Amino acid sequence: MKFYYYRKTLCLALILAGSFTQFALAQEADPKFALIPYPSSLTEGKGSFTISSSTAIVSADRRFDNEAAQLNLLIKQYLKTPLKQLKSATAGKSILLKYDGSITAPEGYRLAVTAGGIVLSAKEPAGAFRAIETLRQLLPAEERSAKGLKSVSVPAVTIADQPAYAWRGMHLDVSRHFFSVAYVKKFIDLLALYKFNKLHLHLTDDQGWRIEIKKYPKLTEEGAWRTFNNQDSAVMVKSKNNPDFVIDPKHIVQKRGKTLYGGFYTQEQMKGIVAYALSKHIDIIPEIDMPGHMMAAINSYPFLTANGENKWGKLFTTPICPCKETTFEFAENVFTEIMEIFPGKYIHIGGDEVDRSSWEQAESCKELMAKNNIKTTAELQSYFINRMEKFFNSKGRKLIGWDEILEDGISSTAVVMYWRSWVPYAPVKAAKNGNQVVMSPGNPLYFDNEPDRNSLYEVYHFNPVPAKLTAAEAKGIIGAQANTWSERIPSENRADYMIFPRMTALAEVLWSNKDRYENYMQRLKLQFPRLDALGVSYRLPDISGLVERNVFIDETVLNPVKPLSDMKFRYTTDGTLPELSSAALDGPLKINKNMAVRLAAFTTGGRRSDIYDLQYTQQDLAAPVNTFVSKPGLSCNYFPGEFKNAKSISGEPKAVFTVKNIVVPAEANAPAFCLKYQGYLDIPADGIYSFYLNCDDGGILKIAGREVIDNDGPHGPFEKSGQVALRKGLQPVALDFIEGGGGYTLKLKYSFNGSEPVEVPSSWWKH
Ligand code: ACM
């Protein structure tokens, strides 16, 4: 999946197929300390401490004034009255915020809860704040309940904790669709809950300029508003089946006799957001994306381009021109105001996806290139970034850019944000060049990619450090972040759905960096009530054990396991969406004719899970072929080139490989290609087999001449499943796969008689 291609492509329908891990999740006991991220060390104590209105917050150190206030705000959520704040301990019981110079790890802290009181120790205010957020997760989930409680109790525990990575970030694109100040603050509070420390706001793009710049008022007067575009029409189509795709009416206005979509943050509003984030020790990283992605600005300030044009090229829009002093004057003026709003160290310049063709013909560029001995427009781009970096540095700031800034030379002081999965060497090159690197590869860290039942696992097992680095070079990887691009995210509920709970998995990778996946899944279940209380419209857990395309011989039953015990299944068989009013599925549903079932699970609050479209088809057991093949593995035909979908593959293969099982051979290394796998499965016993095909991009699986899975088209890693009835013996298999660039995901699993899906054993493949 090459990203720009994918982002312009509408995503496929909702996710199907459940999760066997979730099955385990529903069965196991709850862990006592359901903290996410899990601390470095935790020892359970005896008893508990009760916080009531007579408890005092004691903080002798002025350094922790903000934290004492934050702690008081937290407790006030429960008791509805603030606690006394004292400078020194008195006879009563207290929560003590204590300076401890021996805690040297940045953001490190200790938390001790005993029957006698609570002590939070840290050297840095940031550490004290992270301790408060740990305490928050030990308090009842209903932190926003309307009525006050007399007291809250905290289980006795000793925790010593510190983060694994310095950069624990989330990104939000507020340009393609806009998000309100209230939503950004809500998001910041959730970042704090999970110990993130960076919020990267993508403030400008072709589709809207979202931050007031006083020197260039048209940037927001005009650039923040648009008539509905193709991204809006795409979500409007989707909104017919899912209300989360309804464009937020808050951001639709009547202006100049037109219906316009948009919005922007005033400088005052943004300073308020920055201060709110700082009180929670979260830095906001503003991104003003240039020289490309500038259409919204160029519309009002056309002098910025090389030739006055402002249009879409093959893939990207006309960039601003790096060969004119007026461009630098504009860019420096904009960033000067940005630096006044955002006091943090890092300023993001974007630098991605630039169509440089307009620079090639421009006289100004020819002159500048001759004068500075610049040979290519790629070098020109690097000239622009390097010059802007000097400007940032002169103001005491650090430049960050997407990994394209590496391409034709970059100073080693810029921070590189890696995103292009199809350029795997980029973060290695950056780290070897001495740059600090933040990892945010499209797979699995683009949270605008549709989540499926594997997403949490994939995010949880993401290793920020690329394999090819030495231990010394690995120190250049300062952390990671997930990016949420909002082309197809027109509402706050949709943003919540795409971000949660994936963000909690990333939180644990970046803070704890220890594989406790099964335990994390248990803890996650206990986070849901808190997310409910905080009004987060998170993606509900998957329904386990489902396959999308089912087959039966005489009859079968649909009898799913509830992902959370208080959920209720509802279904339809007439193609309509399952609603709260649809038929309940309280026990097994017998199926003995061809039909389609739409199934969903609902929470007691009425929220709906993903919708599972389940097809049922009667089949006979397919007879095996009567042939003799002895060679292990499959043959794999290789067709370099761009293919729209797996159905459109034709022509002669460039090469034919033999593979042991369904893997992408290392020799298939063109930027885009297609693979056709052919061979036989040596099926060990008669029965109905389920297959699960996870691919990026498209794939189609046929067995015994029957189409089992259609997971075709350009898309991110996404699993689909299907069944086929097979007799024991050799069954012909054809799998067609297309790779548009950068995805390289191709996994085939099977299950039989309800077993957990596992990779098809190599010994079954013959050709
Ligand atoms: C990007 O996704 N263009 C950084």
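None of the values given here were measured: they were computed from a predicted structure. Atoms within each ligand, like the ligands themselves, are counted from 1 in listed order. Scope of the values below: all heavy atoms of this structure, side chains included, with no hydrogens, waters or symmetry mates.
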I need the atoms of ligand 1 closer than 4.0 Å to a non-hydrogen atom of Glu353, numbered in the order shown.
3 (N)
N or O pair under 3.5 Å between Trp402 and ligand 1
no
Can you see which heavy atom on Glu353 is nearest to which on Glu404, and at what distance?
N-OE2, 3.0 Å
Numbered atoms and elements of ligand 1 in range of Tyr446, under 4.0 angstrom, heavy atoms:
1 (C), 2 (O), 4 (C)
Trp419 heavy atoms within 4.0 Å reach ligand 1 at atoms 1 (C), 2 (O), 3 (N), 4 (C)
Any side-chain donor-acceptor pair under 3.5 Å between Glu221 and Trp209?
no
Among Lys720, Arg494, Arg502, exactly one meets salt bridge (charged side-chain N to carboxylate O under 4.0 Å, His left out) together with Glu450. Which residue is that?
Arg494
Between Asp248 and Tyr261, does a side chain to side chain donor-acceptor pair (under 3.5 Å) hold up when you go through it step by step?
CA-CA 9 Å; Asp248 193 334; Tyr261 176 87; over 6 Å; no
Could you tell me which atoms of ligand 1, counted from 1 in the order shown, lie closer than 4.0 angstrom to a heavy atom of Asp352?
1 (C), 3 (N), 4 (C)
Heavy atoms of Lys429 and Glu407 approach each other most closely as NZ-O, 4.0 Å
Sub-3.5 Å N/O-N/O distance, His293 and ligand 1
no
